[in-house]
Amino acid sequence: MSQEILDFLGMIGVNTQFISLYNNSIFINNLKFSRFSRKKEELFLEKHPDWKVVRSKVFQKMCVRASRFLSKSLHPKEKIFIEKNSNCANIALYIILEPYTRKYGIEITYSDDLEMARPGEVDKIASPLTLDGEVENIIKQMLQGEKIEPTILKDKPNNLKAIYPLINIPDSRIETWTSEHDFKCNIPPKDKVSNDLLEFLEEYIPEVRENMLKSALFVSNQK
């Protein structure tokens with residue numbers, strides 16, 4: 001069914017490298033590059049009335065941020081593993097990566113069986129770690145007097161290279177997007193101390209999360 005949808009979209013002039021397919025929904029990643037006009041949407045829905053087209057500015061901003069990381073960390077034809085669970089970040093991770101099956105020809109293994117994430121079976125594991133999650137880890141290390149080591153520099157689960165498509169995306173955008181479209185997913189609880197500190201700092205420091213991550217990466221790379 002997905003291939004039939006893609007074939008029809010291609011026939012009416014939509015660039016399917018900039019849309020995501022998920023549960024009978026089409027999420028537009030980049031409105032300009034997808035060339036998915038309102039007229040094309042009408043043609044599509046006439047043919048497939050059981051589908052819906054989602055034009056979310058929040059999601060498009062998430063995709064732009066993710067693309068900055070993915071352009072450097074993905075290679076053509078790679079096999080990427082995503083853990084399947086009910087967390088909102090994991091669902092966002094899959095939907096953001098889905099068009100790269102066409103853009104880069106990657107293959108996605110989406111499973112709750114971590115045993116499938118083995119060298120030889122897959123090339124990389126896609127982590128759902130977000131910007132907030134990484135910065136919370138950094139704050140914990142600071143408060144506990146530990147050496148600052150960003151997860152994205154040290155984490156190698158199952159002896160496989162990990163990639164972090166959501167590392168530039170704050171939790172607030174994922175939460176806004178999933179609530180807008182009534183996703184049935186869970187938002188893990190935040191670390192209270194780290195979250196309270198971030199909320200305090202962001203009142204005085206623009207883009208405090210992004211700046212803390214940049215600083216931590218700079219310090220770590222100087223060692």
Side-chain angles (χ1 to χ4, degrees), residues 15-22 26-36 54-83 87-108 110 122-139 148-157 160-178 180 198 202 205-222:
N15 187 338
T16 60
Q17 293 185 359
F18 296 96
I19 61 168
S20 298
L21 272 59
Y22 183 78
I26 296 173
F27 295 87
I28 299 177
N29 299 17
N30 186 304
L31 185 58
K32 178 181 178 181
F33 293 158
S34 71
R35 303 195 298 272
F36 208 151
V54 181
R55 298 170 178 270
S56 168
K57 291 183 179 179
V58 174
F59 181 67
Q60 291 181 54
K61 289 177 181 178
M62 287 164 53
C63 290
V64 169
R65 288 201 171 202
S67 68
R68 296 169 187 164
F69 184 92
L70 290 169
S71 63
K72 300 175 182 178
S73 60
L74 276 183
H75 296 92
K77 305 295 183 181
E78 286 185 319
K79 296 179 180 179
I80 308 298
F81 179 88
I82 301 176
E83 182 180 3
N87 287 345
C88 295
N90 284 70
I91 294 175
L93 181 63
Y94 175 82
I95 297 176
I96 287 173
L97 274 175
E98 194 274 337
Y100 287 84
T101 60
R102 298 178 288 283
K103 190 180 295 185
Y104 286 7
I106 68 168
E107 179 182 331
I108 297 176
Y110 188 50
V122 298
D123 297 305
K124 294 173 181 174
I125 294 178
S127 168
L129 183 67
T130 62
L131 176 60
D132 290 67
E134 180 69 295
V135 172
E136 284 182 10
N137 291 337
I138 292 169
I139 291 175
I148 296 176
E149 291 185 294
T151 304
I152 60 175
L153 296 182
K154 67 177 182 178
D155 195 19
K156 292 184 179 179
L160 287 164
K161 180 176 176 59
I163 60 173
Y164 301 89
L166 308 184
I167 197 64
N168 293 317
I169 300 175
D171 287 348
S172 59
R173 288 194 179 175
I174 295 175
E175 292 169 11
T176 298
W177 173 63
T178 53
E180 280 178 355
L198 281 172
E202 68 183 351
I205 305 173
E207 297 186 337
V208 62
R209 291 166 178 79
E210 291 85 350
N211 288 325
M212 287 188 71
L213 178 55
K214 287 178 184 177
S215 298
L217 289 172
F218 177 80
V219 170
S220 297
N221 288 328
Q222 299 306 303

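- In the model, Ser20 has a side-chain atom that pairs as donor or acceptor with a side-chain atom of Asn29 under 3.5 Å.
- Atom OG of Ser172 is separated from atom CG of Asp132 by 6.5 Å, given to the nearest 0.5 angstrom.
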So Phe36 and Arg55, side chain to side chain contact (heavy atoms under 4.5 Å, CB included) or not? Walk me through it. CA-CA 10 Å; Phe36 208 151; Arg55 298 170 178 270; 4.3 Å; yes

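- Taken from CD1 in Ile82 to CD1 in Ile91, the straight-line distance is 11.0 Å, to the nearest 0.5 Å.
- Counting only heavy atoms from C-beta outward, the side chains of Ile152 and Leu217 approach each other to under 4.5 Å.
- Using a cutoff of 4.0 Å between basic side-chain nitrogens and carboxylate oxygens, Arg65 and Glu210 are scored as salt-bridged.
- Heavy atoms only, all atoms of each residue included: Ile28 and Phe59 are closest at O-CD2, 3.6 Å.
- For Leu70 against Tyr104, the heavy-atom pair with the smallest separation is O-CE2, 4.2 Å.
- Distance CD/Glu78 to NZ/Lys124: 3.5 Å, rounded to 0.5 Å.
- Side chain of Asn87 to backbone of Ala89: no donor-acceptor contact under 3.5 angstrom is found.
- Of the possible donor and acceptor atoms, one in the side chain of Asn90 sits under 3.5 Å from a partner among the backbone N and O of Glu83.
- A 4.5 Å side-chain heavy-atom check between Thr101 and Ile106 finds at least one atom pair inside the cut-off.
- With hydrogens and angles disregarded, a donor-acceptor distance shorter than 3.5 Å links the side chain of Gln60 to the backbone of Leu31.
- Once rounded to the nearest 0.5 Å, the distance linking OG of Ser67 with NZ of Lys72 reads 10.5 Å.
- Residues Glu202 and Arg209 are paired through a salt bridge, judged by an N-O separation under 4.0 Å between the basic side chain and the carboxylate.
- Using a 30° and 60° split on the angle between ring planes, Tyr94 and Tyr22 fall in the tilted class, from 30° to 60°.
- Closest of all the heavy-atom pairs between Leu93 and Pro128 is CD2-N, 3.9 Å.
- Nearest approach of Leu129 to Thr151, heavy atoms of both residues: CD2-CB, 3.8 Å.
- In summary, of the residues considered (Ile125, Asp123, Ile80), a side chain to side chain contact (heavy atoms under 4.5 Å, CB included) with Ile163 occurs for Ile80 alone.
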Derivation of the side chain to side chain contact (heavy atoms under 4.5 Å, CB included) call for Ile139 and Met212: CA-CA 9 Å; Ile139 291 175; Met212 287 188 71; 3.6 Å; yes

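- The CD1 atom of Ile96 sits 5.5 Å away from atom CG of Leu166, with the distance rounded to the nearest 0.5 Å.
- In terms of heavy atoms, Met62 sits closest to Ala92 at CE-CB, 4.2 Å.
- The two residues Glu98 and Ile19 come nearest to each other via the heavy atoms OE1-O, 3.8 Å.
- Using a distance-only test at 3.5 Å, with no hydrogens or angles considered, a donor-acceptor pair links the side chain of Asn211 to the main chain of Pro206.
- Expressed to the nearest 0.5 Å, how far NZ of Lys103 lies from CG of Leu74 amounts to 10.0 Å.
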